[in-house]
Amino acid sequence: MEVRPGQEFQVIAGSRTVRVQCPMESRGGQYIQITVPPDPVVRPNLLGMAVLTSATGIEGGGAVRMRAEVVAANEQQSQSRNQQSSSSSAPSSQPTTYMVTVPEGISSGMQFAVEVAGERMMVTCPANVQAGMNLRILPPTPSSSAPTRLNGTSLDRPPEQHLSRSAPPCPPMMQMFEVVVPPGVRPNQPFSLMANGQRVLVTCPADVKPSQKIRFQLPIGNPNDKNKDAPAAQLSYESVKDGWARTIRVTDMKFQWVRMNENGAIDLATQSHFDAKHSAFTRTLKYMEGNDPRMRTGVLELVSANESSVDSSVERGGREVVSYAEIAAAHKRGTYEEKAAWFQHICNERLKIEWNDGHMRLNVRREHLLHDSIEAVMSLSRDDLRKIWRFEFLGEVGIDAGGLAREWYQLVTEAIFDADMGLWLSNSTNQMAMRINPSSEMACPEDHLIYFRFLGRVMGKALFDGHLVAGHMVRHLYKHILGWPITFEDLELADEEYYNSLKSLLDIKNVEDMCLDFTFTEDALGTNKVVELLEKGADTNVTNENLPEFLELNLKYHLMERVKPQLTELLLGFFDVIPEALLTIFDFQELELLMCGMPVIDIDDWMKHTVYQGYFEQHGEKSKTCKWFWQIVRDEFDQETRARLLQFVTGTSGVPSRGFSVLQGNDGNIRQFCINGVTKEYSLYPKAHTCFNRIDLPVYSSKDELREKLKVAIATSATGFDIE
């Protein structure tokens, strides 16, 4: 292929491979002269893979115990954060120190970069210290009036040269809202309303009663906002009903989940026990410093959904680079494509480190692809993960203009998700979706956690750079990434048979007759393993009184506890690259599409391999309602809505490589897409049974009614709201 002016091509210059941009006045076949800088000095003591640190004190799988000095440093940071959150006064006069490890290749008098407390700074190695030894440093206090050089390039902030490409937002304009406290709200009680298109959580002041007015402020934009179509500030009491909704807390500008009752108000009922229909939990991830500065660690927990929160802006070294106003505006973008485009713009223009400020070259051998890739990616710092990467398959001729990167992401994720490797398993209810193998330690005893940290980094980097990964995951894993509420119904997609057995306990008059205890028997590669759900669980019988606790512990165990070490590393790796706040604009269906790509859906193949049951069994696709259904899917649904319909019915947007003829069900056997005709008395809206790839479709009287009800069912499947 002829190189055109402005295009880049690759040449061999001495012992080096370099990229050259064709001058505008030159053409293919002409000679040009290039000047190559001298070969850089490469120290023989290159940094190897960073070691994982266990935050729980349990070693194994590639993670080591946290050193005593690191434990002390983390405790000091935790105390400092607690003091700052509990007091609005000036920072404590007691200085905070940090422990860092001198990297390999660094000797006395040399400088090396470290990142502490979200800031990057240069440290000079003392005369009596060698590589591998620990240093305790006292960072200077940054000046509020004159930012110092030390604040320049932390993980969450691009270098100053990069900022000129797309400057961070100026302080946003604030809009004052005046609202009337709704009836029934007591002092110090929260209530919810819509302000400027965002659901806001407001706490009623102690001296205010219903019908009185209060005021609060929200950021609504910034002076440099070029979006002339941005909606004006609005205020309303519109609300969703019977489900979980994300709000913005006015007190600290953090996103928080609240449950809305059937009247559209915040459900303030205090539940003393687990409720299978209403209770929900979200994951929290507390970050901690690891033994190696390149690889932080953390503690993962499940808490009540209304107790978790996430930042509504992205900061670097105390400087905001993506504001709440921008994220709030992105929430209101109408389509998935618009939100995905905004996300990619922020990654490219605000977070990515420019080529001239540092870039990475990954050289891998195709025959040792996974080994070489893990060695490379696990040796990088979090800064390196946001640099531009270039790939080279050693011994092959090829210029990485994007194609090699796409191939690398495809190959390494295929290898990791391969069930034969023992790290992931096909989900029992959907063979297209993968779940973490609870017994992955038995498959890779020495390093299984390293693989999950590596995969998390690769998935985050792929999302950051706009590439796709090869594996679809079960639904609750996408929810864990987003920090979305996990409910009892999510257990159905993880283990449909066990979910039904647990659900049936709710209808039994005397549960003690079942002779159950607080244990679960796990199949670990053919060996039965009894797991106690609580201390002395084998000696605790399940009764009507403790049944809610039994259901709650089963939910937590199946959706997190059984794979907590693996999931912790997966999330840590993912958030080594992606700020959590940016993901708040997506639901879990959109995240799957963003990571795995929009499926290529052959409507003719879909229709050909669909079976009909119930009221449609006799006439099949010729039934009037079925004709309308396929007309809407083919002629009115765009690619995104078709993918969401597929997610709604089968649990994933993935389509088998051989098409719908080999679509599998929960038993691993072929279960083709099924449309089951029901009456509107049975259900007013379409219902999905993902274990059987079946949609219960009411017999509607008009095409318009079908269209409306189908769109509502698809939309609400990603929110957890009741549509009955």
Side-chain angles (χ1 to χ4, degrees), residues 238-245 259-264 267 276-278 280 334 336 429-430 475 479 484-485 487-493 496 499-500 503 587-590 592 601 606-607 610-617 619-621 623-638 640-653 671 673-724:
E238 295 177 8
S239 60
V240 292
K241 297 183 178 181
D242 200 15
W244 289 91
R259 175 161 180 80
M260 314 303 293
N261 61 25
E262 62 276 6
N263 298 320
D267 189 353
K277 183 177 181 180
H278 297 122
Y336 159 76
T429 59
N430 189 315
R475 182 174 70 183
K479 286 190 170 185
W484 269 51
T487 66
F488 187 65
E489 290 186 352
D490 286 306
L491 186 57
E492 182 177 12
L493 279 180
E496 186 253 350
Y499 164 80
N500 285 332
K503 190 177 180 181
D587 61 44
F588 58 86
Q589 292 180 339
E590 292 171 333
E592 181 183 11
I601 299 177
W606 194 354
M607 293 179 61
T610 293
V611 296
Y612 300 87
Q613 295 178 354
Y615 283 85
F616 305 142
E617 185 173 6
H619 299 290
E621 63 182 80
S623 302
K624 184 181 296 185
T625 303
C626 294
K627 283 184 178 180
W628 292 335
F629 175 86
W630 290 116
Q631 288 172 4
I632 292 171
V633 172
R634 180 188 293 276
D635 302 330
E636 301 183 29
F637 280 5
D638 56 17
E640 177 196 344
T641 312
R642 292 171 188 164
R644 284 181 174 271
L645 172 61
L646 193 60
Q647 287 174 318
F648 173 57
V649 181
T650 70
T652 178
S653 63
R671 284 192 181 273
F673 190 87
C674 176
I675 301 179
N676 180 44
V678 299
T679 64
K680 287 193 287 186
E681 287 73 21
Y682 171 79
S683 176
L684 185 60
Y685 291 86
K687 283 187 173 182
H689 301 271
T690 55
C691 304
F692 307 104
N693 301 327
R694 189 183 85 208
I695 181 172
D696 290 342
L697 193 64
V699 181
Y700 292 112
S701 56
S702 70
K703 185 177 179 180
D704 290 339
E705 185 183 13
L706 169 59
R707 181 191 304 107
E708 176 193 353
K709 296 296 192 294
L710 183 60
K711 286 185 175 181
V712 170
I714 295 172
T716 55
S717 68
T719 64
F721 293 116
D722 192 350
I723 59 175
E724 292 296 343

Exercise for the section: Flag yes if more than 12 heavy atoms outside Phe673 fall under 6.0 Å of its CZ atom; otherwise flag no. Expected result: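 Yes, the 6.0 Å shell around CZ holds more than 12 heavy atoms from other groups.
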Compare all side-chain heavy atoms of [X] with those of [Y] and state whether any distance is below 4.5 angstrom.
X	Y	answer
Asp587	Trp484	yes
Glu496	Phe692	yes
Arg644	Glu590	yes

Handout entry: With Arg671, the side chain to side chain contact (heavy atoms under 4.5 Å, CB included) member among Asn693, Val611, Thr650
Key =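 Exactly one pass, corresponding to Asn693.
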Problem - Thr679 side chain to Tyr682 backbone, donor-acceptor under 3.5 Å - result: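 Flag set: sc Thr679 to bb Tyr682 pair under 3.5 Å.
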Problem - Sequence-distant partners of Thr641, side-chain hydrogen bond (donor to acceptor under 3.5 Å, both in side chains), two or more places apart - result: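 For Thr641, the residues satisfying side-chain hydrogen bond (donor to acceptor under 3.5 Å, both in side chains) (neighbours in sequence not counted) are Asp638.
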Handout entry: Qualifying residues under side-chain hydrogen bond (donor to acceptor under 3.5 Å, both in side chains), relative to Lys703, sequence neighbours excluded
Key =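 Partners of Lys703 by the side-chain hydrogen bond (donor to acceptor under 3.5 Å, both in side chains) criterion, ordered by chain and then number, come out as Gln631.
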With [X], which residues qualify under side chain to side chain contact (heavy atoms under 4.5 Å, CB included), at least two apart?
X	result
Val633	Ile603, Trp606, Phe629, Trp630, Phe637, Arg642, Leu645
Cys626	Tyr612, Phe616, Ser623, Ile675
Lys680	Leu684, Pro698, Tyr700, Ser701, Glu705
Ala688	Phe648

Practice task
Apply side-chain contact (heavy atoms from CB on, under 4.5 Å) to Arg707 and Trp628, showing your working.
Solution key: CA-CA 8 Å; Arg707 181 191 304 107; Trp628 292 335; over 6 Å; no
Practice task
Please name the pair of heavy atoms, one in His278 and one in Trp244, separated by the smallest distance, quoted to 0.1 Å.
Solution key: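 Closest pair (atom of His278, atom of Trp244, distance): O-NE1, 3.4 Å.
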